[in-house]
Amino acid sequence: MPNSIKNNLEILIQSIDKKLATSIQKHLYSIPKIKSEKIALFKDCLRSQQHDKKAFIDTYKLTSVQYNTLKHQLFKDCIAFISSNYKSQSDHSLRYDIIEFEIYLNSGLNEKAIKQLNKIKEIAIEQCDFITCCMVQRKAIDYQVFHNDTKKRELEKASKELVHYHALAQNLNKYELLADEVLNLHFQFLDKRILERDEFLNYLNNDLLTNKNKALSVLAEFLFYRIHSLITLGDNNYTESKEYSLQAINCLRENESPYRNDYYKIIRTINNYLDACLNMNQTAEFEKMFDEFTQQYKENNKLPSRFFQTSYFQFRCSLILNYIWIAKEKTSYHKELPYLEKTFFLYQDEMIPNLKLDILLGFARHYFMNGELTKADEYCKLILSEKTNSASLYLASGILLRGMINYDLGNLKLLPHIARSGKYLLKNRNRLFKLEKCFLNGIKKIKPYDSKISIEKSFEILNNKLQLILKTSDGSAINNKIDITNWVKQKYQTI
């Protein structure tokens with residue numbers, strides 16, 4: 001059974017806020033003849049992020065079957081209580097407003113129904129929830145709220161409104177589907193050398209992206225900019241990606257609504273902006289916007305949502321590790337590293353694929369940069385264990401960095417294996433480019449019995465080949481990720 005399934009109860013309890021936890025605990029105490037071990041299990045999961053199954057079983061003298069049954073029952077109890085006391089954590093919930101509207105319809109209270117209808121539509125339009133607008137408008141028409149002689153014109157107006165809501169819903173749906181498609185694809189690129197690059201860039205010719213006026217609502221316009229930012233980011237065009245990200249952020253800022261929570265949209269778009277800044281070494285602009293990124297979280301961190309917590313953590317962790325790599329010196333962010341490393345392993349199964357590998361690479365580089373080579377190698381192995389991950393740039397970076405690490409460890413006998421297995425993996429993905437092939441072939445030739453002069457010459461030849469490749473083909477993306485050429489230069493300039 002996967003760990004993520006085994007730990008469902010722990011994840012659920014850890015995700016709730018203190019107020020709700022207290023309410024659940026009171027509820028459990030109120031259940032007649034409840035087993036004391038069930039309350040103890042709840043408290044233990046709430047208190048500790050690493051629940052000790054063996055210790056709990058030993059303390060309460062349970063069999064494995066009894067323990068699993070207890071966990072299942074407690075999980076069901078928690079879900080039942082949360083469901084009955086659920087409050088939306090994102091947009092203003094219209095659930096009860098719609099119920100009230102239907103009560104008025106069924107009771108023939110048409111004037112009240114119309115008033116409630118207008119209230120629902122006003123809020124739903126602010127939320128860009130045009131499907132709800134369609135649903136309540138359709139019901140109002142079907143229940144003949146407008147069907148009498150004095151309201152014939154209102155019926156015609158209502159029917160035209162319904163058509164308009166359908167158009168808005170379809171328009172937004174098209175942008176959402178396109179955004180999902182581009183997001184899933186852009187992980188696979190992030191490198192100008194990829195043969196399918198032109199096919200990816202062809203998304204810019206999609207009719208929805210040719211003119212922002214094609215976007216008929218606030219969220220459709222936001223997605224217009226976001227999709228552009230993802231495509232340009234996937235093509236390493238950081239200047240344009242940064243600009244489109246900023247336009248997407250401003251689109252939401254200028255159209256704020258008390259009924260719509262744009263927190264997640266904003267922080268992931270700020271993440272793209274900050275990523276572009278780091279790739280262009282614009283640390284001053286990064287620091288300015290990073291403060292706003294942190295402030296966004298502080299204003300919304302009361303949301304009792306595991307999803308929001310995980311999202312913020314993975315964005316922040318990735319950004320800090322990349323900033324540290326670029327700065328190449330002690331920063332104020334270094335003090336966060338122990339917490340980030342510990343927390344990463346709690347959230348890793350829920351992370352976005354490319355960010356998970358980016359974070360693993362970030363820790364590997366950090367330890368590599370600080371001379372903790374064995375720990376750096378362990379993180380590279382974790383990267384390479386993600387063979388089904390579509391973010392090939394990070395897999396390639398992990399392979400090459402592992403070669404660098406093991407050379408520095410003196411594991412020269414391991415280099416041929418690293419080179420062969422790395423080339424095989426990248427070739428199968430159609431991602432074995434000239435730079436990667438040249439580097440792996442270069443380190444494979446270095447033997448344990450070679451003299452220092454011979455090794456120095458090998459690295460000098462390798463550097464000349466790499467520099468020529470960088471001049472004739474764009475391998476800057478992977479070179480920036482792990483600083484291959486500087487490492488190679490150091491090997492023949494310092495021996």
Side-chain angles (χ1 to χ4, degrees), residues 91 124-125 127-134 163-255 260 262 264-277 279-280 311 315 352-355 358 389-394 429-431 474 477:
D91 296 340
I125 289 169
Q127 295 176 347
C128 294
D129 183 2
F130 305 115
I131 292 175
T132 292
C133 289
C134 291
V163 171
H164 176 61
Y165 297 143
H166 272 294
L168 291 174
Q170 289 172 358
N171 178 260
L172 179 56
N173 185 54
K174 286 178 181 177
Y175 276 100
E176 288 173 336
L177 291 174
L178 182 59
D180 290 341
E181 190 174 344
V182 168
L183 178 65
N184 291 330
L185 274 175
H186 102 285
F187 299 148
Q188 303 171 33
F189 289 83
L190 305 172
D191 195 329
K192 285 180 179 289
R193 300 171 297 171
I194 291 175
L195 295 175
E196 302 91 341
R197 173 181 174 236
D198 289 342
E199 292 177 28
F200 184 61
L201 291 178
N202 196 45
Y203 276 92
L204 292 171
N205 298 322
N206 187 294
D207 186 56
L208 294 172
L209 302 181
T210 55
N211 190 323
K212 78 168 186 177
N213 292 330
K214 298 285 179 72
L216 303 180
S217 62
V218 170
L219 291 189
E221 184 181 344
F222 161 77
L223 289 170
F224 171 86
Y225 294 124
R226 173 162 169 76
I227 294 167
H228 274 90
S229 76
L230 290 171
I231 294 171
T232 49
L233 184 63
D235 192 45
N236 305 143
N237 187 343
Y238 304 118
T239 302
E240 285 197 21
S241 180
K242 176 187 167 188
E243 181 57 34
Y244 279 120
S245 295
L246 189 59
Q247 287 178 293
I249 294 164
N250 288 337
C251 175
L252 295 179
R253 282 174 178 161
E254 292 163 7
N255 295 278
R260 193 183 67 243
D262 294 325
Y264 180 63
K265 298 180 184 70
I266 288 175
I267 65 159
R268 70 175 180 171
T269 308
I270 292 178
N271 175 68
N272 286 354
Y273 175 92
L274 293 170
D275 185 43
C277 287
N279 277 290
M280 294 188 289
S311 299
F315 294 147
I352 298 169
N354 70 315
L355 282 178
D358 190 38
N389 197 305
S390 60
S392 297
L393 178 63
Y394 296 100
R429 287 171 168 256
N430 201 22
R431 295 293 187 269
D474 195 342

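These numbers come from the heavy atoms of this one structure, side chains and all, not from hydrogens, waters or symmetry mates. All figures in this text were calculated on a predicted structure; none of them were measured in a lab.
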**OP:** Measure the shortest side-chain to side-chain distance between Leu219 and Arg260 over non-hydrogen atoms and say whether it is less than 4.5 angstrom.
**Re:** yes

Subject >> Pairs satisfying side chain to side chain donor-acceptor pair (under 3.5 Å), at least one member in residues 199-209, at least two apart >> reply: Glu181-Tyr203, Asn202-Asn205, Asp207-Lys214

Subject >> Qualifying residues under ring-ring contact (aromatic ring centres under 6.0 Å, His included), relative to Tyr264, sequence neighbours excluded >> reply: Phe307

Sequence neighbours excluded and cut-off under 3.5 Å, please list the side-chain donor-acceptor pairs for residues 266-274, or say none.
{"unit_1": "Thr269", "atom_1": "OG1", "unit_2": "Lys265", "atom_2": "O", "d": "2.6"}
{"unit_1": "Tyr273", "atom_1": "OH", "unit_2": "Glu285", "atom_2": "OE1", "d": "3.4"}

Original post:
After noting the C-alpha distance and the side-chain angles of Arg226 and Val182, does the key distance pass the side-chain contact (heavy atoms from CB on, under 4.5 Å) rule?
Top reply: CA-CA 10 Å; Arg226 173 162 169 76; Val182 168; over 6 Å; no

**OP:** Report the distance from atom OG of Ser217 to atom CG of Asn171, rounding to the nearest 0.5 Å.
**Re:** 6.0 Å

Original post:
Got a second to check how far Leu252's CG is from Gln247's CD, nearest 0.5 Å?
Top reply: 12.5 Å

**OP:** Rounded to the nearest 0.5 Å, what's the gap from CG on Asp180 to CG on Leu185? Could you check?
**Re:** 11.0 Å

Subject >> For Asn211, side-chain hydrogen bond (donor to acceptor under 3.5 Å, both in side chains) partners two or more places apart >> reply: Asn213

Original post:
Atom CG of Leu204 and atom CD1 of Ile227: how far apart are they, to the nearest 0.5 Å?
Top reply: 10.0 Å

**OP:** Heavy atoms only: give me the nearest Asn389-Arg429 pair and the separation to one decimal.
**Re:** O-NH2, 2.6 Å

**OP:** Please report the shortest heavy-atom distance between Met280 and Thr239, naming the atom on each side.
**Re:** SD-OG1, 3.5 Å

Subject >> For Lys212, all residues meeting side chain to side chain contact (heavy atoms under 4.5 Å, CB included), sequence neighbours excluded >> reply: Glu221, Phe224, Tyr225

Original post:
Is the shortest heavy-atom distance from the side chain of Tyr165 to the side chain of Ile125 under 4.5 Å?
Top reply: yes

**OP:** Measure the spacing between CG of Asn237 and CG of Asn279 and express it to the nearest 0.5 Å.
**Re:** 11.5 Å

Original post:
Taking the side chain from Ser245 and the backbone from Ser241, do they hold a donor-acceptor pair closer than 3.5 Å?
Top reply: yes

Subject >> Residues forming a side chain to side chain contact (heavy atoms under 4.5 Å, CB included) with Glu176, sequence neighbours excluded >> reply: Leu172, Asn173, Leu223

**OP:** Would you give the length of the straight line joining atom OG1 of Thr232 to atom NZ of Lys242, rounded to the nearest 0.5 angstrom?
**Re:** 12.5 Å

